[in-house]
Every structure is written in C-alpha cells, then in structure tokens.
Amino acid sequence: MTAETVGTYTNPVLNADWSDPDVVRVGDDFYLTASSFGRAPGLPLLHSRDLVNWTLVGHAVERLEPAGEFKAPRHDCGVWAPSLRHHDDRFWIFWGDPDQGIFQVNAPGIRGPWTHPHLVKEGKGLIDPCPLWDDETGEAYLVHAWAKSRSGIKNRLTGHRMHPDGTSLLDEGKVIVDGDRIPGWFTLEGPKLYRHDGWFWIFAPAGSVETGWQGAFRSRGFFGPYEEKVVLEQKDTDVNGPHQGGWVRTPSGEDWFLHFQQRGAYGRVVHLQPMRWGADGWPVLGEDGAPVAVHPRPDLPPQPAAAPATDDDFPGGRFGRQWQWTANPQDGWATQHSGDGLRLACVRSADAHDLRKLPNVLTQRLPGIPSAVEVELRLHGEEPGARAGLAVLGDAFSWIGLQRGADGAVHVVHRFAEAVAEKERDADHPRLAPEGRARLRIEIDAGARCRFFHDVGDGLRPSGQVFAATPWRWVGALLGLFALAPVGPGHAGAASFTQFRINPL
C-alpha cells in the first residue's frame with residue numbers, strides 16, 4: 001500500500017528540476033510556473049487539482065527575447081524565478097533576465113494565447129520580480145531582488161509602485177528590505193508579495209540554495225518598515241536549503257506552500273508544505289518550521305495519480321511539451337512526417353566536439369528517482385562524421401549514439417567531456433552497428449551516476465565507465481537527443497529516434 005492510498009502524500013511532489021516555483025489558484029484549479037533559464041520554449045505551465053499531482057500543459061514563451069541573444073546556448077541565463085498571478089481575468093507572469101531586466105507576459109487563459117514578452121524595467125541584475133494588485137487601495141506594486149554578478153548589489157529587495165496595467169513602473173524604486181541590516185542573513189532574494197490580514201507580506205528566501213531558509217516579512221505599508229521571521233528551515237531533516245516558492249489557499253481555506261530543494265545534478269525539486277497562521281499572526285510552515293516528508297493530503301477532491309510526461313513516441317515527428325531546445329530553435333532541425341518517430345537533421349557545426357555549445361539539442365529534465373532511459377536510434381546521414389545520440393548534459397556531459405565513419409560504416413560511439421575539458425573524447429572503443437541502428441540505454445542511480453548500454457541486435461551491452469551527472473551552475477542535468485555533422489557543404493542527412501522511455505529502476 002502506498003502513501004497515496006491512505007490519504008497522505010510524499011515529498012517531493014515534483015521530483016525533477018522545476019526550479020524556483022510559483023503557484024496560483026483560480027477557482028478549483030492550481031497553476032505553477034518555474035524558471036526555464038536559456039531553454040526554449042520557456043516558462044513551463046503546470047496544472048493540478050490537488051497540489052500533489054501535476055501535469056505540464058504548455059509554455060508561456062515560445063522563443064527567448066531578444067532572439068539574437070539566444071541563438072546559442074546560455075544555460076544559466078534567460079528566464080529566472082518567475083511570479084505567476086491572476087488579475088483582471090488574466091494570467092500574468094513576471095520574470096527577471098539578469099542581463100536585460102524585468103519582463104512580463106499575460107494571457108486570458110493558462111494555455112494562452114500569451115502576449116509577446118514586454119520589458120517592464122530595463123537594467124542589469126534585476127531579478128525575481130513579483131507584482132501585487134492591492135484590491136483594498138487599487139494600487140499596484142512590484143518587488144524585485146538583485147544579482148550581484150551583474151549589478152554589484154545583492155541581499156536587498158527593492159519596491160516600486162507599478163502602473164495598474166502592468167506595463168511600467170511609476171518610480172525609481174526604494175530598498176524596502178536590506179538583508180545586510182539583519183544579523184546572519186545573506187543572499188536575500190526570490191520575493192513573493194501578498195496582502196493578508198491588513199499587512200503587506202513578502203515571502204523571501206535567504207542563505208543560498210544549498211543551505212538557506214525561508215523568511216517572511218510584514219509591514220503595514222508597502223514601503224516598510226518590515227519585520228522579519230524565519231518560517232522554514234532544515235532543522236533535523238534531510239531537506240537542505242528548503243526555500244523559495246509560493247503560498248496558495250484552497251477553496252476550503254487551507255494554506256499551503258510550494259518550494260524547492262536543491263539536489264545537485266537533479267536540480268531543484270519541489271516540495272509541498274502545510275501552512276497555518278500562528279497565534280502571533282506569523283505563518284508557520286511545515287511541521288513547526290521544519291519540512292515534512294509525508295503528510296495528510298490537502299482537503300481537495302481526490303485526483304488520479306499524475307506527473308509531467310516523459311515518454312514520447314513522437315507521433316508525426318512532433319515532440320511533446322516536455323522537450324526544450326538548448327537555445328531558440330531554427331526551422332529544419334526537426335521534420336514532421338506521416339509516421340511516428342523524431343527525425344532530426346544532422347546540423348552542421350564547428351562545435352560538433354562539444355554538446356554544451358550546441359543549440360540544437362532537444363532536452364528534458366533528469367528524473368529525480370533511479371531510472372532507466374531508453375530510445376531507438378537509426379542514423380540515415382551518409383556524411384562521414386555524421387552522428388546522433390542520447391546524452392546526459394551538464395557542466396560535464398556524456399553521450400552514446402551512432403556515427404558514420406570515413407569508410408561508410410556506422411559505429412556505436414560513447415563519448416564524454418569533463419567540466420574543464422574543451423572537447424569530448426572516447427569513453428569506450430567504437431563498435432560496429434551493421435544495420436545503422438541501435439537501442440540506447442542509460443541507467444541512472446540514486447546518486448545521479450549513469451551507466452551506458454547499447455544493443456545493435458545481439459543483446460544489451462555495457463559501455464564505458466560510470467559517469468557522474470553534473471548540473472550547470474543553476475540548472476540541473478538534462479537528458480538530450482541530438483543529431484549533428486562536421487562543417488561542410490550541403491545537407492548532411494538525418495537521424496530518427498523512436499520509443500523514448502523513462503522507467504523507474
């Protein structure tokens with residue numbers, strides 16, 4: 001009997017890299033968005049009816065702006081820490097691009113159509129914005145944090161009055177919380193702004209993603225002064241750095257808080273904490289301020305088990321919502337057709353030796369539990385050096401796949417690169433793939449250690465040494481499918497992927 005069958009849930013409720021989550025309720029439905037950094041499409045949109053089971057229903061941004069800045073991968077840039085709100089019968093998402101400023105999109109429904117990204121405030125290092133439309137006064141506000149790497153400023157929250165239409169700010173801003181003035185606090189960021197019980201509330205994390213805590217701030221006026229309290233921290237649990245997320249209230253009046261936990265190569269997985277208001281008027285998260293592992297479910301109608309999709313048969317050559325390119329896509333990378341299977345062009349590139357530099361890698365999140373990843377691959381490209389494969393991609397990477405040799409034969413190849421390496425090298429000796437096809441498999445254990453296998457018709461065989469998956473700076477490791485070829489004239493052919501599967505081990 002599982003925990004779910006006896007009226008409880010187990011954390012994390014989203015066991016993959018859904019970084020910096022924010023949540024909102026509209027009627028009986030809950031919606032969540034998360035950081036997507038430099039991948040496209042961006043701003044994932046998830047839906048739930050019970051806060052435990054979530055499905056991915058779309059993305060709010062098809063291409064990152066300005067488009068020219070994201071022709072090549074910028075893995076840790078782009079869309080940082082969005083805020084999701086519902087106001088005036090529209091959904092609104094604000095986010096910070098640390099190199100450009102604060103953007104906003106909005107839509108009449110969660111599935112769109114979403115507006116083109118609008119730059120609300122230009123500037124370096126403006127991150128983690130959150131709006132508030134105050135129903136009591138009719139005023140609109142916005143709070144944001146700072147990235148020291150771009151601005152030289154950190155550990156502060158700046159507040160603005162905002163035009164009610166969400167298009168612009170009405171003042172130069174004022175520091176409303178200075179973390180340097182709070183003993184022991186550092187890296188204050190990720191604010192979420194609310195109105196409750198006559199107070200302005202800011203829920204904001206501090207202390208860094210690995211070891212930090214969740215703070216709450218309150219003031220009678222938006223511009224302060226604010227008093228603070230730590231409302232969630234690791235204590236004696238194994239949930240390191242529990243913080244940065246959103247508060248939501250159910251139709252029956254229950255309060256809940258969704259936040260992330262940094263888990264190395266797995267990225268930032270999402271936990272659900274019960275929340276109540278204490279006798280002193282401050283929020284109490286988890287079990288007296290400590291994260292819960294198992295807890296009674298929210299008082300919401302029972303829902304069937306669900307999770308964001310992973311498997312894909314690629315009907316008609318189309319790929320599911322779970323996939324994102326490592327940069328803005330170009331026409332011709334993926335071809336639609338009448339059958340099943342993903343057909344990727346072998347894109348010619350001078351960076352064929354380093355997957356980290358390629359925009360044409362189709363990715364999805366590394367699963368947070370021990371899993372086996374499998375896909376069938378056929379290489380059609382006749383060009384010597386044409387190749388395609390299945391990768392684990394991060395600051396270091398490893399992939400297994402097929403490559404056309406100078407003699408015309410197709411070989412199984414397995415390659416890797418350490419974080420400091422400028423190009424890949426062999427992880428095992430090449431082996432002949434007589435029919436130009438192979439079944440590829442990666443087994444990922446609880447420590448994100450990856451073992452590679454291949455089958456060219458004579459059974460599954462191991463390949464190379466164990467590879468330890470690594471994240472980028474802010475992004476968890478990714479699974480990737482790709483096809484490429486060396487620089488040269490003409491079309492280099494294509495590769496077909498079928499029956500992509502992720503199964504628990």
Side-chain angles (χ1 to χ4, degrees), residues 20 22 24 33 43 60-61 65-66 78-108 114-148 150-181 188-204 215-228 246-247:
D20 313 317
D22 195 23
V24 69
T33 192
L43 283 175
V61 173
E65 297 291 342
V79 177
W80 283 23
S83 292
L84 174 62
R85 293 292 181 266
H86 191 261
H87 166 73
D88 197 22
D89 294 324
R90 297 185 72 84
F91 289 91
W92 302 77
I93 302 178
F94 286 69
W95 75 93
D97 180 316
D99 300 302
Q100 299 180 74
I102 295 169
F103 285 91
Q104 170 257 105
V105 291
N106 60 86
W114 289 86
T115 58
H116 191 78
H118 171 75
L119 187 60
V120 177
K121 182 181 181 183
E122 184 177 5
K124 296 279 190 179
L126 307 178
I127 59 168
D128 308 350
C130 184
L132 172 71
W133 287 270
D134 186 357
D135 293 334
E136 294 182 24
T137 64
E139 299 270 1
Y141 303 97
L142 183 135
V143 64
H144 69 82
W146 295 87
K148 186 176 182 179
R150 273 72 163 188
S151 66
I153 301 170
K154 66 175 294 188
N155 209 30
R156 298 176 191 170
L157 305 181
T158 295
H160 295 264
R161 284 193 170 87
M162 183 176 72
H163 195 288
D165 68 5
T167 61
S168 61
L169 304 178
L170 301 179
D171 56 37
E172 292 302 311
K174 174 186 175 183
V175 174
I176 58 176
V177 180
D178 185 346
D180 290 345
R181 296 180 178 273
L188 176 64
E189 58 187 357
K192 296 293 181 283
L193 181 59
Y194 307 97
R195 211 56 164 107
H196 172 69
D197 196 28
W199 298 86
F200 287 90
W201 289 90
I202 299 174
F203 286 34
F217 300 82
R218 71 180 183 183
S219 173
R220 291 297 184 183
F222 171 70
F223 287 102
Y226 282 85
E227 50 186 321
E228 81 283 342
W247 161 40

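Note that the numbering runs from 1 along the sequence shown for the chain.
Under the 30°/60° scheme for interplanar angles, the aromatic rings of Trp92 and Trp133 are found to be tilted.
Between the Gln100 side chain and the Glu65 main chain, a donor and an acceptor come within less than 3.5 Å of each other. Side-chain N or O atoms of Asp197 include none that pairs as donor or acceptor with a backbone N or O of Trp199 at under 3.5 Å. The main-chain N or O of Glu189 is never found under 3.5 Å from a side-chain atom of Asp128 such that the two would form a donor-acceptor pair. Remark: side-chain polar atoms of Thr115 are not paired, donor with acceptor, to backbone N or O of Val105 under 3.5 angstrom.
Here the CD1 atom belonging to Ile176 is positioned 4.0 Å from the CD1 atom belonging to Ile202, to the nearest 0.5 angstrom. Atom CG in Asn155 sits 7.0 Å away from atom CG in Asp178 (nearest 0.5 Å). A distance of 11.5 Å separates CG of Leu119 from OG of Ser168, quoted to the nearest 0.5 Å. Remark: Leu193 CG to His144 NE2 distance equals 12.5 Å, nearest 0.5 Å. Note: Glu228 CD to Phe217 CZ = 6.0 Å, rounded to the nearest 0.5 Å. Here CD of Glu172 is found 11.5 Å from OG1 of Thr158. Values are rounded to the nearest 0.5 Å.
For Lys124 against Ser151, the heavy-atom pair with the smallest separation is O-CB, 3.6 Å. Listed here is the closest heavy atom pair of Leu188 and Ala204: CD1-CB, 3.8 Å. Nearest approach of Ser83 to Pro131, heavy atoms of both residues: CB-CD, 4.0 Å. Summarising the geometry of Tyr226 relative to Gly221, their closest heavy-atom pair is OH-O, 3.9 Å, with the distance given to 0.1 Å. Nearest heavy-atom pair, Pro129 versus Gly96, reported as atom, atom and distance to 0.1 Å: CD-N, 3.3 Å. Shown here for Ala107 and Trp114, the closest heavy-atom pair between the two residues is CB-CD2, 3.4 Å.
Side-chain contact between Arg195 and Asp135 is absent, with no heavy-atom pair separated by less than 4.5 Å. Here the side chains of Asp22 and Arg85 are in contact, with some heavy-atom distance below 4.5 Å. When side chains are defined from C-beta on, Asp134 counts as touching Tyr141, because their heavy atoms get closer than 4.5 Å. Residues His196 and Trp247 form a side-chain contact, since some pair of their non-hydrogen atoms from C-beta on lies under 4.5 Å apart. Between Asp171 and Phe223, the closest side-chain pair of non-hydrogen atoms falls below 4.5 Å.
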Full working for side chain to side chain contact (heavy atoms under 4.5 Å, CB included) between Trp80 and Asp97: CA-CA 6 Å; Trp80 283 23; Asp97 180 316; over 6 Å; no
Hey, mind stepping through Phe103 and Val61 against side chain to side chain contact (heavy atoms under 4.5 Å, CB included) and telling me if it holds? CA-CA 11 Å; Phe103 285 91; Val61 173; over 6 Å; no
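Cation-pi geometry between Arg220 and Phe200 is not met: the NZ or CZ atom fails to fall both under 6.0 Å from the ring centre and inside 45° of the normal.
For Arg90, there are no salt bridge (charged side-chain N to carboxylate O under 4.0 Å, His left out) partners two or more places apart in sequence or in a different chain.
Remark: of the listed residues Gln104, His160, His163, Gln104 is the sole one forming a side-chain contact (heavy atoms from CB on, under 4.5 Å) with Val120. Partner of Pro191 under the side-chain contact (heavy atoms from CB on, under 4.5 Å) criterion, out of Val177, Leu157, Leu142: Leu157 alone.
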